[in-house]
Amino acid sequence: MQLPFTKEQFFDLLAAYNVGLWPALLTLWIASVLVSGLLLSSRRPSDRWISALLAAHWAWSALAYHVGFFTRINQAAWVFAALFLLQAALFFWAGVVHGRLSFAPWRNAWAPVAWGLVAYSLVYPAINAAQHLSVVRIPTFGVPCPTMIFTAGMLMLATPRSWRLSIVPVIWSLIGGSAAFLLGVHADYALPLAGIALTIFSTQRISGNWGSRNASSRSRPVTETYQENRGAA
């Protein structure tokens, strides 16, 4: 695959992105660390807040990175921005407006994989800094690849399982993963693995279909459940 820009142009663009937006990038990283830590603690954050954070991740990558910078060297970035905005809208609609997503730290057997991806996304800048011996001309937080990895981990902790919310992240795992080999960004080699794991997770049907059943049972009125139990007795 031939990229429409050089490796030098790509890393120069990342330097401009990091220098120009570093306070926002640091804020997004801190917010992600806090939400992840609270999810593991007894003081779990609101499910709507987690969905809002995921929507913010994708909207930021769409507007600040793709539109604001990547379009300078790749016209396909306009298409990428549209996909990322669509994903942001899906998270906002399903998780914030309707509250359909519920997050729990150890809900299923995929939790170790999920937390591994979340942790990897949070140390992603450090991995790149170690590889490239720089803290400026590297992919840091708020760019599409760690956004995808962080999202994959969070979706594996969510109920119900949703293949609709997984489509765009999986697409980016293919696009970003293939570019990683051409650009020599070793930290992005995890993208295909995250995409494969998310694909299996979001399409897998296990006994009782825990996602839809748990979601439906939570939404049913207590009185209805009580009457059914009385009838069964």
Side-chain angles (χ1 to χ4, degrees), residues 24-61 87-88 90-92 94-130 139-163 165-166 168-170 172-173 187-191 193-202 204 206 208-215 217-219:
L25 304 182
L26 181 60
T27 300
L28 185 62
W29 183 82
I30 292 173
S32 301
V33 170
L34 288 176
V35 166
S36 301
L38 288 173
L39 185 57
L40 280 170
S41 72
S42 58
R43 300 179 60 184
R44 286 175 50 192
S46 164
D47 293 326
R48 279 186 164 88
W49 279 110
I50 299 176
S51 296
L53 176 64
L54 291 171
H57 265 279
W58 287 82
W60 175 267
S61 289
Q87 184 68 23
L90 289 173
F91 273 125
F92 188 81
V96 180
V97 177
H98 291 285
R100 293 172 183 165
L101 293 177
S102 174
F103 300 87
W106 302 105
R107 175 164 282 151
N108 56 70
W110 285 87
V113 178
W115 282 113
L117 293 174
V118 169
Y120 187 90
S121 71
L122 296 176
V123 299
Y124 177 91
I127 296 173
N128 282 319
T140 54
F141 214 62
V143 296
C145 295
T147 294
M148 183 276 156
I149 297 171
F150 182 78
T151 299
M154 283 297 179
L155 283 176
M156 290 180 189
L157 300 173
T159 300
R161 302 188 186 202
S162 173
W163 61 266
L165 288 174
S166 302
V168 174
V170 169
W172 189 258
S173 74
D188 289 348
Y189 291 176
L191 277 171
L193 299 178
I196 292 170
L198 182 58
T199 299
I200 296 172
F201 172 83
S202 61
Q204 185 182 47
I206 62 177
N209 194 2
W210 65 265
S212 59
R213 188 170 70 177
N214 285 358
S217 64
R218 283 196 306 271
S219 62

Within the 4.5 Å heavy-atom criterion, are Tyr120 and Pro146 side-chain neighbours or not?
no
Which atom of Ser166 lies closest to which atom of Ser202, heavy atoms considered
OG-CB, 3.3 Å
Worked verdict on Trp172 versus Thr147 for side-chain contact (heavy atoms from CB on, under 4.5 Å)
CA-CA 10 Å; Trp172 189 258; Thr147 294; over 6 Å; no
Applying side-chain contact (heavy atoms from CB on, under 4.5 Å), run through Leu122 and Trp29 and close with a yes or a no.
CA-CA 7 Å; Leu122 296 176; Trp29 183 82; 4.2 Å; yes
Over 60° means perpendicular and under 30° means parallel, so classify the ring planes of Trp106 and Trp115, tilted if in between.
tilted
If you compare all heavy atoms of Pro45 against all heavy atoms of Val35, which two are closest, and at what distance to 0.1 Å?
CG-O, 4.0 Å
So do Asn108 and Phe201 actually touch side chain to side chain, heavy atoms under 4.5 Å?
yes
Taking C-beta and beyond as the side chain, do Arg161 and Leu155 meet within less than 4.5 Å on heavy atoms?
no
The reported gap from CZ in Phe91 to OG1 in Thr151 (rounded to nearest 0.5 angstrom) is 5.0 Å
Quick one: are Phe150 and Leu117 in side-chain contact, heavy atoms under 4.5 Å?
no
Is any side-chain heavy atom of Leu101 less than 4.5 Å from a side-chain heavy atom of Asp47?
no
Non-hydrogen atoms of Val113 and Ala197 that approach each other most closely:
CG1-CB, 4.4 Å
Looking only at heavy atoms, which two atoms of Asp188 and Cys145 are closest? And how far apart?
OD1-CB, 3.3 Å
With sequence neighbours excluded, tell me which residues meet side chain to side chain donor-acceptor pair (under 3.5 Å) with Trp60.
Tyr17
Walk me through it: do Phe141 and Val33 pass the test side-chain contact (heavy atoms from CB on, under 4.5 Å)?
CA-CA 12 Å; Phe141 214 62; Val33 170; over 6 Å; no
Looking only at heavy atoms, what is the nearest atom pair of Thr199 and Gly195, with distance?
OG1-O, 2.8 Å
Hey, are the side chains of Phe103 and Leu54 touching, using non-hydrogen atoms and a 4.5 Å cut-off?
yes
Is any side-chain heavy atom of Met154 closer than 4.5 Å to one of Leu53?
no
Taking C-beta and beyond as the side chain, do Gln87 and Ser61 meet within less than 4.5 Å on heavy atoms?
no
Can you tell me how far apart CG (Leu191) and CG (Leu198) are? Round to the nearest 0.5 Å.
11.5 Å
Hits for side chain to side chain donor-acceptor pair (under 3.5 Å) against Ser173, two or more places apart or cross-chain, chain-then-number order -> none
After noting the C-alpha distance and the side-chain angles of Trp110 and Gln204, does the key distance pass the side-chain hydrogen bond (donor to acceptor under 3.5 Å, both in side chains) rule?
CA-CA 11 Å; Trp110 285 87; Gln204 185 182 47; 3.2 Å; yes
Let me confirm one number: the OG-CG distance from Ser46 to Leu38, rounded to the nearest 0.5 Å.
11.5 Å
Residues Leu39 and Arg44: closest non-hydrogen pair is O-CG, 3.8 Å
